[in-house]
Amino acid sequence: MIAIIFDVLPIFIMILIGWLIVKTGLMKADVGDALSDFVFKIAVPLLLFRTIAEADFHGASPFRLWIAYFSGVAVTWTAGHIAATRFFGRDDRIGVLAGVSSAFANTIFVGLPLVQRTVGNEGLVPLSILIAVHLPVMMVIGTIMMERAERKIAGKGERSMLKLFRQIGLNLVRNPLVIGLVAGAAVHVAGLPMPLPVATIVDQLAGVAGPVALVSLGMALEKYGVSGNVGIASVTSAFKLVLLPCCVWAASHLVGLTGSWTAALVLIAAVPTGVNAWLIANRFGVGHSLAASTITVTTALGAISISLWAYLLGA
């Protein structure tokens with residue numbers, strides 16, 4: 001257990017360092033935003049490209065992995081929605097935000113360095129397969145459900161699904177993560193070796209993805225904080241850190257995933273809520289404090305919960 005804590009703790013210490021950099025005025029939060037852009041647009045896409053290009057899938061099907069993870073997401077999202085609307089008496093928009101906050105994992109900024117450190121490079125293969133569809137699936141479902149909730153409350157007709165999917169599709173085509181995954185898959189299928197100078201550059205840029213992601217996340221936490229909605233945020237945080245990984249663990253065993261793939265998926269499910277919950281709240285102008293509070297609480301408690309999950313998984 002001590003060894004696992006020493007594996008997990010540095011991840012959250014780096015987040016703390018990023019937070020302290022802004023809190024003490026050593027750097028402005030805008031610097032963290034720039035670092036986040038670097039991670040999202042350059043470092044992580046190159047890491048995903050390298051991982052997929054060089055991966056040995058051992059004939060494994062991605063569909064069982066997706067079923068295992070997203071069945072857990074479906075249960076947790078539904079629980080968050082019901083808790084917000086039935087027990088806390090909030091409207092459907094807050095219900096959607098509660099579901100998103102309960103089920104949207106921070107796969108890039110925390111999950112990626114966590115899996116690489118605890119499971120090893122073999123854990124990056126299932127993580128990359130998950131990332132290939134995680135953001136599109138979560139954003140599409142979140143956007144559709146939020147638009148329906150808004151129009152239901154306002155009494156307006158639904159927007160054309162064709163227009164909505166076209167807009168989301170265009171955004172995904174320009175997404176650097178998607179580009180990195182597609183390029184890596186193309187190189188993998190073609191069996192093309194990377195020239196040594198190119199491989200060296202890719203390795204060096206991909207190597208900084210984890211540390212820079214953690215520091216930039218810490219720098220961004222300063223603008224979130226915990227403000228109001230403590231009761232409902234405590235519930236969504238518990239769902240995120242406990243219910244989601246429990247469901248993913250059970251589903252992974254039911255579909256027969258290997259030990260390393262199960263460990264990678266469960267640890268991803270156990271990471272703090274991703275900043276995308278805040279982005280959806282910001283996009284629709286509702287639930288800011290709930291999303292922000294859940295992000296902050298799950299990040300603060302993440303070191304403890306992830307250490308326990310890593311111990312239970314034997315990672």
Side-chain angles (χ1 to χ4, degrees), residues 12 15 69-111 114 134-135 137-150 153 217 220-251 265-306 308-309:
F12 289 87
I15 295 174
Y69 188 84
F70 287 109
S71 60
V73 166
V75 171
T76 308
W77 190 316
T78 302
H81 191 286
I82 291 174
T85 55
R86 301 287 178 86
F87 292 96
F88 289 92
R90 307 300 174 87
D91 64 35
D92 283 347
R93 295 175 302 171
I94 299 299
V96 174
L97 250 299
V100 171
S101 299
S102 300
F104 210 133
N106 196 329
T107 55
I108 300 299
F109 291 93
V110 182
L114 171 69
H134 181 262
L135 181 64
V137 168
M138 298 296 283
M139 292 303 288
V140 167
I141 294 174
T143 302
I144 291 174
M145 290 186 68
M146 184 60 80
E147 289 214 351
R148 286 188 170 181
E150 280 202 327
I153 292 171
L217 173 61
L221 283 179
E222 174 65 17
K223 64 185 176 185
Y224 297 131
V226 178
S227 56
N229 293 293
V230 176
I232 188 172
S234 299
V235 172
T236 54
S237 298
F239 286 167
K240 179 66 200 67
L241 298 177
V242 180
L243 179 59
L244 179 58
C246 278
C247 292
V248 171
W249 177 84
L265 283 193
V266 173
L267 287 174
I268 285 296
V271 301
T273 298
V275 295
N276 298 85
W278 165 268
L279 295 178
I280 292 177
N282 201 48
R283 159 72 176 79
F284 290 95
V286 64
H288 294 81
S289 59
L290 172 58
S293 297
T294 307
I295 291 168
T296 303
V297 171
T298 53
T299 303
L301 298 178
I304 299 171
S305 62
I306 289 173
L308 290 173
W309 278 112

Self-check item: Separation of Asp92 CG from Met145 CE (nearest 0.5 Å)
Solution: 8.5 Å
Quiz item: Within the distance-only criterion (no hydrogens, no angle test), does the side chain of Lys240 pair as donor or acceptor with the backbone N or O of Thr76 below 3.5 angstrom?
Solution: no
Output side-chain donor-acceptor pairs under 3.5 Å for residues 93-105, partner residues at least two apart or in another chain, one line each.
{"from": "Arg93", "atom 1": "NH2", "to": "Asp91", "atom 2": "OD2", "distance (Å)": "3.1"}
{"from": "Ser101", "atom 1": "OG", "to": "Leu97", "atom 2": "O", "distance (Å)": "2.8"}
{"from": "Ser102", "atom 1": "OG", "to": "Ala98", "atom 2": "O", "distance (Å)": "2.7"}

Quiz item: Does a side-chain heavy-atom distance below 4.5 Å link Thr107 with Val271?
Solution: no
Self-check item: Least distance between heavy atoms, Trp309 atom then Val266 atom
Solution: CE3-CG1, 3.8 Å
Quiz item: Rounded to the nearest 0.5 Å, how far apart are CZ of Phe109 and CG of Leu114?
Solution: 15.0 Å
Practice problem: Over all heavy atoms of both residues, which pair between Phe70 and Val137 is shortest? Give the atoms and the distance, please. | Solution: CE2-CG1, 3.8 Å
Quiz item: Is any side-chain heavy atom of Leu244 closer than 4.5 Å to a side-chain heavy atom of Trp77?
Solution: no
Quiz prompt | Side-chain heavy atoms of Leu241 within contact of Pro245, under 4.5 Å | solution = no
Exercise. Report the C-alpha distance between Met138 and Val73 in whole Å, list the side-chain angles of each, state the deciding distance to 0.1 Å, and finish with yes or no for side chain to side chain contact (heavy atoms under 4.5 Å, CB included).
Key: CA-CA 9 Å; Met138 298 296 283; Val73 166; 3.8 Å; yes
Exercise. Quick one: closest heavy-atom pair of Val230 and Ser234, and the distance?
Key: O-OG, 2.7 Å
Quiz item: If every non-hydrogen atom of Ser293 is compared with every non-hydrogen atom of Ala233, which pair is closest and at what distance?
Solution: CB-CB, 3.7 Å
Quiz item: Which atom pair, heavy atoms only, marks the closest approach of Ala281 to Ala291?
Solution: CB-CB, 4.2 Å
Self-check item: Value rounded to 0.5 Å, distance of CG in Leu265 from OH in Tyr69
Solution: 8.0 Å
Practice problem: Working to the nearest 0.5 Å, report the span between CD1 of Ile304 and CZ of Phe12. | Solution: 9.5 Å
Quiz item: Is there side-chain contact between Thr273 and Asn106, with at least one heavy-atom pair below 4.5 Å?
Solution: no
Self-check item: Thr294 and Thr236: side chain donor to acceptor below 3.5 Å
Solution: yes
Self-check item: SG-CZ distance between Cys246 and Phe239, expressed to the nearest 0.5 angstrom
Solution: 12.0 Å
Self-check item: Heavy-atom pair of closest approach, residues Gly111 and Ile268
Solution: CA-CD1, 3.5 Å
Practice problem: Decide yes or no on side chain to side chain contact (heavy atoms under 4.5 Å, CB included) for Phe88 and Val235, but give the supporting numbers first. | Solution: CA-CA 10 Å; Phe88 289 92; Val235 172; 3.9 Å; yes
